[in-house]
Q: 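Questions regarding the structure given below will be posed in turn.
Hydrogens, waters and symmetry mates are skipped; everything else that's a heavy atom, side chains included, is used.
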Amino acid sequence: MISIAIDGPAGAGKSTIAKELSKKLLYIYVDTGALYRAIGLYMIDNNINNDKSAVSSLKNIKVNLEFIDKEQKVFLCGKDVSSKIRTPEVSMMASKVSAIPEVRSFLFDLQQNMAKQNNVIMDGRDIGTVVLPDANVKIFLTASLEKRAQRRYKDLLEKGIKCQYEEVLRDIIKRDEDDSNRKIAPLKPADDAIIIDTTEYSLKESIDLVLNTIKNNLR
């Protein structure tokens, strides 16, 4: 099986690019961030706000990805929460729960098993460093802080989520800080990752650039 790892900070375009690449390469797309978002949503919905309670609640959580009509759907305790997990509030909670070792362990086997059974493109924060350290190609996707905030702001508005650009920018700064400084699996490029900065590229140009990078490094 072939595995492609795409890591990077919030708003770098990982999910959008990985999703398009999966269609072109006919690989399974695994959005690991969606799994953490689902757990974050569970914590919000159940008013869980400390690590001890979060760990205790894991026994009640079932989260999985299903591919319906070629689209990834996220199910939390049997319910499709694909649209509910994309709010800024859930994003921040996902970052918090991802720092809890027990949560990471809870999702680790699910992520690895998907890669063992399928050709995958998996994106997240620690795919190349922790989840798939032997991935065939590792890419660290990034862009300037301002560009990432602009992209996330536009994406939220298109989804009908009301927000302010300044609020989105603050959230990304905080998310970067939390992801990079957590003790467990902090955000950082794998030693053998190919770093791609998409600040000056359009979405199409970014997709083409990453696709060519993958193809060239799979030879």
Side-chain angles (χ1 to χ4, degrees), residues 6-22 29-51 54 57 61 63 65 71-77 79-100 103 107 122-127 140-182 186-187 196-207 210:
I6 300 182
D7 292 305
K14 301 184 301 297
S15 296
T16 301
I17 291 173
K19 190 181 299 182
E20 290 303 313
L21 292 176
S22 71
Y29 166 54
V30 182
D31 178 3
T32 62
L35 299 173
Y36 286 101
R37 286 172 177 268
I39 292 180
L41 176 63
Y42 183 93
M43 302 305 166
I44 292 170
D45 287 348
N46 290 277
N47 298 311
I48 297 170
N49 51 25
N50 63 77
D51 290 6
S57 72
I61 298 176
V63 58
L65 303 177
E71 289 292 331
Q72 176 185 267
K73 298 293 182 181
V74 186
F75 285 82
L76 174 63
C77 300
K79 295 182 178 180
D80 183 353
V81 295
S82 304
S83 59
K84 292 183 178 180
I85 62 173
R86 297 300 172 181
T87 67
E89 182 184 16
V90 173
S91 292
M92 294 306 295
M93 182 58 76
S95 183
K96 290 179 181 178
V97 299
S98 69
I100 302 173
V103 172
L107 295 174
M122 191 177 296
D123 76 84
R125 300 291 193 280
D126 64 344
I127 309 305
F140 191 87
L141 199 63
T142 189
S144 70
L145 178 62
E146 293 76 15
K147 179 63 73 172
R148 289 189 284 127
Q150 290 169 8
R151 290 171 178 169
R152 179 58 59 86
Y153 175 62
K154 180 174 179 289
D155 183 52
L156 290 171
L157 290 182
E158 289 176 349
K159 291 177 179 175
I161 299 173
K162 294 182 179 180
C163 59
Q164 299 294 324
Y165 169 77
E166 291 75 15
E167 176 187 2
V168 175
L169 180 62
R170 285 196 301 271
D171 284 350
I172 286 185
I173 292 173
K174 180 65 166 59
R175 189 90 189 267
D176 283 356
E177 182 180 348
D178 290 347
D179 290 343
S180 299
N181 295 315
R182 66 188 180 214
L187 170 68
I196 297 179
D197 188 323
T198 66
T199 302
E200 302 300 327
Y201 295 102
S202 67
L203 176 58
K204 182 181 183 305
E205 290 171 335
S206 298
I207 291 170
V210 178

Q: Which pair of heavy atoms, one from A149 and one from V168, lies closest together, and at what distance?
A: O-CG1, 3.7 Å
Q: Determine whether a donor-acceptor pair (N or O, by modelled atom type, separation under 3.5 Å) exists between the side chain of K147 and the backbone of G11.
A: no
Q: Does the salt bridge (charged side-chain N to carboxylate O under 4.0 Å, His left out) test come out yes or no for K159 and D155, once each step is laid out?
A: CA-CA 6 Å; K159 291 177 179 175; D155 183 52; 3.2 Å; yes
Q: What distance do D80 atom CG and I85 atom CD1 have between them, rounded to the nearest 0.5 Å?
A: 9.0 Å
Q: What's the shortest heavy-atom distance between T198 and L141, and which atoms?
A: CG2-CD1, 3.6 Å
Q: Within this structure, what is the CG-CD distance for the pair L169 and E146, rounded to the nearest 0.5 Å?
A: 7.0 Å
Q: Any heavy-atom pair between the side chains of L187 and P9 that's under 4.5 Å?
A: yes
Q: Any sub-3.5 Å donor-acceptor pair from Q72's side-chain atoms to D31's backbone N or O?
A: yes
Q: Around atom CD of E205, are there more than 12 heavy atoms from other residues, nucleotides or ligands closer than 6.0 Å?
A: yes
Q: Using the rule given for salt bridge (charged side-chain N to carboxylate O under 4.0 Å, His left out), can you reason through K174 versus D178, listing the C-alpha separation, both sets of side-chain angles and the distance that settles it, and then say yes or no?
A: CA-CA 6 Å; K174 180 65 166 59; D178 290 347; 2.8 Å; yes
Q: Can you confirm whether I61 sits close enough to M43 that some side-chain heavy atom of one is under 4.5 Å from a side-chain heavy atom of the other?
A: yes
Q: Using the rule given for side chain to side chain contact (heavy atoms under 4.5 Å, CB included), can you reason through V63 versus L107, listing the C-alpha separation, both sets of side-chain angles and the distance that settles it, and then say yes or no?
A: CA-CA 9 Å; V63 58; L107 295 174; 3.7 Å; yes
Q: Indicate whether any N or O donor in one side chain lies under 3.5 Å from an N or O acceptor in the other, for S15 and R86.
A: no
Q: Using a 3.5 Å distance criterion without hydrogens, assess whether the side chain of T142 forms a donor-acceptor pair with backbone atoms of D197.
A: no
Q: Considering non-hydrogen atoms only, spot the tightest contact between K14 and G8 and give its length.
A: NZ-O, 3.1 Å
Q: Is L65 close to V74 at the side-chain level, that is, under 4.5 Å between some pair of heavy atoms?
A: yes
Q: Going through the distances and angles, do L145 and R148 end up as a side chain to side chain contact (heavy atoms under 4.5 Å, CB included)?
A: CA-CA 5 Å; L145 178 62; R148 289 189 284 127; 3.8 Å; yes
Q: Please assess M93 against I48 for the test side chain to side chain contact (heavy atoms under 4.5 Å, CB included), listing each intermediate value before the final yes or no.
A: CA-CA 10 Å; M93 182 58 76; I48 297 170; over 6 Å; no
Q: Please check: side-chain N/O of D7 versus main-chain N/O of F140, any donor-acceptor pairing under 3.5 Å?
A: no
Q: Looking at side-chain heavy atoms only, is the closest gap between T32 and V30 below 4.5 Å?
A: yes
Q: In chain order, what residues pass the side-chain hydrogen bond (donor to acceptor under 3.5 Å, both in side chains) check against K154, with sequence neighbours excluded?
A: E158
Q: Looking at A99, is its backbone amide N or carbonyl O close enough to the side chain of R182 to form a donor-acceptor pair, meaning the two atoms are under 3.5 Å apart?
A: no
Q: Show your reasoning for whether side chain to side chain contact (heavy atoms under 4.5 Å, CB included) applies to K84 and I44.
A: CA-CA 11 Å; K84 292 183 178 180; I44 292 170; over 6 Å; no
Q: So does K19 get a backbone contact from the side chain of S22, meaning a donor-acceptor N/O pair under 3.5 Å?
A: yes
Q: So, taking the atom named OG in S95 and the one named CD1 in I172, what distance separates them when rounded to the nearest 0.5 Å?
A: 12.0 Å
Q: Quick one: pull up CG in L76 and OG in S82 and give me the separation to the nearest 0.5 Å.
A: 10.5 Å
Q: Any idea which heavy atoms bring P186 and S180 closest together, and the distance?
A: CB-O, 3.5 Å
Q: Hey, is the main chain of T199 close enough, under 3.5 Å, to the side chain of S144 for a donor-acceptor pair?
A: no
Q: Tell me whether F75 at atom CZ has more than 12 heavy atoms from other residues, nucleotides or ligands lying less than 6.0 Å away.
A: yes
Q: Please identify each residue that fulfils side-chain contact (heavy atoms from CB on, under 4.5 Å) with A18, with sequence neighbours left out.
A: I6, Y29, I121, D123
Q: Any side-chain heavy-atom pair from C163 and L157 closer than 4.5 angstrom?
A: yes
Q: Taking side chain as C-beta onward, heavy atoms only, is Y165 less than 4.5 Å from L156?
A: no
Q: Whether the R125 and S98 side chains hold a donor-acceptor pair (N or O, under 3.5 Å, no angle test) is what I'd like checked.
A: no
Q: Specify the closest pair of heavy atoms between Y36 and V97, including all atoms of both residues, with the distance to one decimal.
A: O-CG2, 3.8 Å
